[in-house]
Amino acid sequence: MRWSNSMIPTLREVPSEAVVPSHQLMLRAGLIQQVAAGTYSYLPLGWRVMQKVMDIIREEMNAAEAVEVFMPAMQPIESLERSGRNVDYGDNLFVLTDRHGRAQALSPTHEEVITDMFGAFVKSYKQLPLTLYQIQTKFRDEFRPRFGVLRSREFMMKDAYSFHIDEGSLGAVYQRQYDAYCRIFDRCGVDNYVIVEAESGPIGGSASHEFIMPCETGEDVILQSDKGNYAANVEKCEIGERGHELAGEATGELEQVHTPGCATIEDVGKIMKVKAPHLLKTMVYEADGSWVVAVVRGDHELNEGKLKEATGASVLVMADEARAKEAGFAIGFVGPHVPVSCKTYVDPDAAQAQFWACGANEADHHVKHFNWQRDLLDHVDDDCVIVADIRNAAEGDPSPKNDGGVLRESRGIELGHVFKLGSKYSDALGVTVLDEQQQARPVLMGCYGIGVNRILAAWIESDHGRDEGGIIWPMAIAPYQVVITTIKYEGEVQAAADALYDELLAAGVDVLLDDRDERAGVKFKDADLIGIPLRITVGDRGLKSDEVELKARTSEDAEMVARGDAAARAVALIEEALKTS
RNA sequence: CGGGGUGUAGCUCAGCUUGGUAGAGCGCGUCGUUCGGGUCGACGAGGCCGUAGGUUCAAAUCCUAUCACCCCGACCA
């Protein structure tokens with residue numbers, strides 16, 4: 001492609017609406033254009049990258065014996081109602097009404113549609129396992145779209161769904177998809193990802209993994225053991241063994257302190273002059289309709305998933321403030337010694353005999369010298385107080401492998417997620433297959449997603465994806481593999497550049513010829529900004545000795561190459577890059 | 001949804017407090033100049049000042065409403 005024939009609107013200045021590096025660079029490099037909040041057009045360069053990523057995904061999906069299908073962008077609201085996901089998605093669901101007054105949802109994903117498709121055509125275990133996939137736009141009415149393409153209301157997603165008669169088959173295909181994901185990201189050159197255990201869902205075990213691109217602006221928090229043998233999303237991350245001691249001596253008389261209006265740990269700590277690790281954070285929940293109290297240390301965060309698991313409840317919600325107050329909870333000033341009979345779940349780090357300050361169970365008051373034995377255990381049945389891991393893991397916690405490893409916390413962007421769904425959708429939608437005994441069995445499913453546009457943004461967001469000059473694309477997904485920069489596009493230089501361009505095209509190289517009548521400096525800056533991996537500079541200076549200059553985007557220095565060898569040399573470098581990536 | 005901010009040229013912004021018919025830099029066009037990392041100079045095109053009302057002789061500027069976009073927060077008592 002000749003630059004002059006494309007549309008590559010590079011920007012010298014940073015558009016004011018972009019606050020994160022990937023968004024800024026995607027706009028400056030002319031990859032995308034914002035149409036509305038959270039919706040973007042892909043310009044020629046951006047779309048080329050998208051297509052290259054999709055091509056790789058498609059090849060690897062096909063190699064994993066998955067078959068591609070295409071589904072509507074909208075589906076009748078009823079299909080989401082059958083699985084209850086219209087409620088799960090809530091306001092995040094885009095719903096529109098057609099001329100007949102029927103509600104249609106813009107698909108946030110396609111589990112229902114694909115499960116119906118499967119159910120319509122597959123009736124026998126003999127046809128299993130089957131893996132179907134799609135690469136399509138998905139819609140979510142995000143409460144707050146942000147960070148450019150990282151959290152948008154429309155995005156390109158690869159979703160694969162597998163169908164099985166038994167666990168073993170699901171496990172095997174899950175592993176096959178997992179391996180395909182590694183190959184996809186490796187081949188894209190986006191090879192600095194981390195695989196973490198994620199919320200395990202209905203089946204349990206290690207049934208869910210996320211592929212995370214580490215970067216500071218990421219919305220996901222992950223923890224990795226410094227022994228390198230454990231990594232998990234904070235939502236899922238377990239914590240290694242921790243001791244606890246509820247029975248110890250009190251540190252002093254229970255002392256009430258007036259703390260008007262101080263409902264947060266920060267405020268309370270300030271007014272009482274107590275640091276967060278000596279405060280108890282006490283929260284009230286309803287587990288299947290019963291009151292439940294959860295206690296963690298002031299500097300820790302409750303993990304609702306863990307609490308739910310500890311309680312064994314099927315529905316766990318934070319207490320409604322009005323109703324909890326009516327029941328006797330001094331919301332905002334709750335301490336573990338609540339005046340209401342209920343179960344209390346305590347995190348091990350909070351279940352210690354030490355100095356504690358906590359809510360006084362009385363509005364506008366807290367207490368000092370709370371002691372578990374004296375102030376709670378002596379007054380309730382033993383089985384009312386349960387010590388359990390109910391908090392989010394944090395920097396410095398022991399690894400759940402209990403091998404001396406320490407958890408390190410970092411942030412990242414979720415690029416992909418593989419997940420065992422089990423029979424959730426087949427149950428809800430009544431999809432079964434006949435087994436060998438001619439018994440109808442609910443089909444087991446796995447689902448496997450990749451956010452295509454997130455791959456672009458997350459890569460640019462990561463340390464390897466950019467420098468002061470702009471984007472640094474990996475060879476495999478760069479919009480063009482080579483850019484020919486002409487010092488000036490005329491005379492001998494023009495002839496040489498054109499010849500080289502034709503040669504590279506003939507060799508099957510994705511090449512961009514900068515034939516613009518611009519100063520050399522402008523062309524160099526633009527080539528760096530848009531991140532083309534290889535640059536061949538053609539100018540009078542080199543041509544005097546019949547040479548051109550070859551430079552990698554990632555290296556400081558250029559090498560001089562005989563004009564006749566340039567194309568072959570570039571081809572060799574491209575092959576090399578695609579091999580190692 | 002709650003709080004905050006911003007809407008003026010393709011982009012980044014000034015002008016608004018103290019109303020008087022619209023500005024700079026970059027970009028764009030022409031000419032010249034320069035020519036290996038965003039040359040320099042001259043001339044020029046380009047804006048119903050987000051939209052709708054209101055106040056006023058007069059509104060980018062003051063008032064009201066509305067829309068859009070951005071940021072922070074939104075069950076850690």
Side-chain angles (χ1 to χ4, degrees), chain A residues 7 9-20 23-24 27-28 30 33-39 90-91 141-148 234 259 261-268 276 279-286 293-304 307 316-321 324-325 329-336 338 347 350 358-366 390-392 394 468-470 485-491 493 514 516-529 535 537-544 548-549 551 556 558 560:
Chain A
M7 181 175 69
T10 57
L11 260 30
R12 190 184 300 215
E13 289 176 285
V14 180
S16 57
E17 75 263 19
V19 293
V20 296
H23 190 195
Q24 294 175 343
L27 291 167
R28 284 192 56 212
Q33 178 194 27
Q34 179 168 358
V35 173
T39 59
D91 290 338
D141 194 359
E142 290 288 342
F143 58 84
R144 191 172 159 208
R146 62 183 138 178
F147 302 150
V234 68
T259 53
C262 294
T264 68
I265 290 293
E266 203 180 328
D267 291 345
V268 173
L279 283 159
L280 291 175
K281 198 188 302 191
T282 310
M283 286 150 284
V284 184
Y285 278 82
E286 274 183 89
V293 167
V295 186
V296 299
R297 220 167 68 182
D299 56 332
H300 288 151
E301 291 176 18
L302 183 79
N303 181 309
E304 288 190 4
L307 178 62
L316 179 84
V317 289
M318 178 163 272
D320 174 71
E321 186 164 334
K325 278 183 174 163
F329 293 102
I331 293 299
F333 303 89
V334 180
V338 289
D347 185 74
C358 62
N361 291 315
E362 186 183 328
D364 295 331
H365 289 85
H366 281 75
I390 56 167
R391 69 167 172 90
N392 281 344
E468 324 74 57
T485 301
T486 55
I487 294 303
K488 55 183 138 169
Y489 192 65
E490 57 185 46
V493 173
D514 195 344
R516 293 176 300 169
D517 181 19
E518 285 287 354
R519 295 182 56 97
V522 172
K523 298 187 191 180
F524 288 137
K525 289 287 186 193
D526 275 346
D528 287 346
L529 178 59
R535 188 182 77 200
T537 305
V538 182
D540 286 328
R541 196 195 282 171
L543 287 183
K544 273 182 195 153
V548 296
E549 184 183 293
K551 179 183 168 301
E556 288 293 308
M560 298 306 296

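Here the structure is a predicted model, which is why all the values come from computation and not from measurement. Just so you know, these numbers use all the heavy atoms, side chains as well, and skip hydrogens, waters and symmetry mates. So you know, we letter chains A, B, ... as the sequences are listed, proteins then strands, and number each from 1.
- Taking the C1' atom of each, B:rG25 and B:rU21 are spaced 25 Å apart, rounded to whole Å.
- Taking the P atom of each, B:rU6 and B:rC62 are spaced 12 Å apart, rounded to whole Å.
- When side chains are defined from C-beta on, A:Asn361 counts as touching A:Val334, because their heavy atoms get closer than 4.5 Å.
- With rounding to whole Å, A:Arg146 atom CZ is found 16 Å from B:rG4 atom C1'.
- Within the structure, every side-chain polar atom (N or O) of A:Gln33 is placed at least 4.0 Å from both OP1 and OP2 of B:rG10.
- Residues meeting the salt bridge (charged side-chain N to carboxylate O under 4.0 Å, His left out) test with A:Glu286, sequence neighbours left out: A:Arg323.
- Scored by the salt bridge (charged side-chain N to carboxylate O under 4.0 Å, His left out) test, A:Asp320 finds no partners at all (sequence neighbours excluded).
- Residues forming a salt bridge (charged side-chain N to carboxylate O under 4.0 Å, His left out) with A:Arg146 (at least two apart in sequence, or on another chain): A:Glu219.
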Summary of protein contacts for nucleotides 33-38 of chain B, nucleotide by nucleotide, where a base hit scores B, a sugar-phosphate-only hit scores S (4.0 Å, heavy atoms): -B-BBB
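- Mapping A:Ala319 and A:Ala37 onto RNA chain B by nearest heavy atom places A:Ala37 at the nucleotide closer to the 5' end.
- Not counting sequence neighbours, A:His300 has no partner by the ring pair (Phe, Tyr, Trp, His ring centres under 6.0 Å) test.
- Partners of A:Val493 according to the side-chain contact (heavy atoms from CB on, under 4.5 Å) rule, which considers only residues two or more places apart in sequence or in another chain, are A:Thr486, A:Val538, A:Asp540, A:Leu543.
- We find that CG of A:Asp91 is positioned 9 Å from P of B:rC1, with the value rounded to whole Å.
- Where A:Glu13 and A:Gly298 each meet RNA chain B at their nearest nucleotide, the meeting point lying more 5' is that of A:Glu13.
- Atom CG in A:Asp347 sits roughly 18 Å away from atom P in B:rC76 (whole-Å rounding).
- When heavy atoms are screened at a 4.0 angstrom cut-off, A:Val14 is found touching the sugar-phosphate backbone but no base atom.
- For the salt bridge (charged side-chain N to carboxylate O under 4.0 Å, His left out) test, residues two or more places apart in sequence or in another chain that qualify with A:Glu142 are A:Arg151.
- Contacts of A:Ala324 classified as side-chain contact (heavy atoms from CB on, under 4.5 Å), with partners at least two apart in sequence or in another chain: A:Trp291, A:Ala319, A:Phe329, A:Ile331.
- Contact annotation for A:Val296: no contact, since no heavy-atom pair falls under 4.0 Å across all strands.
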Write out a two-atom table: protein N or O, nucleotide N or O from nucleotides 40-42 of chain B, distance below 3.5 Å.
none

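- A close approach under 4.0 Å does occur between a side-chain nitrogen or oxygen of A:Ser16 and OP1 or OP2 of B:rC13.
- Set against B:rA77, B:rC75, B:rC76, the side chain of A:Glu304 has B:rC75 as its closest nucleotide.
- No contact: A:Phe329 has no heavy atom under 4.0 Å from any strand.
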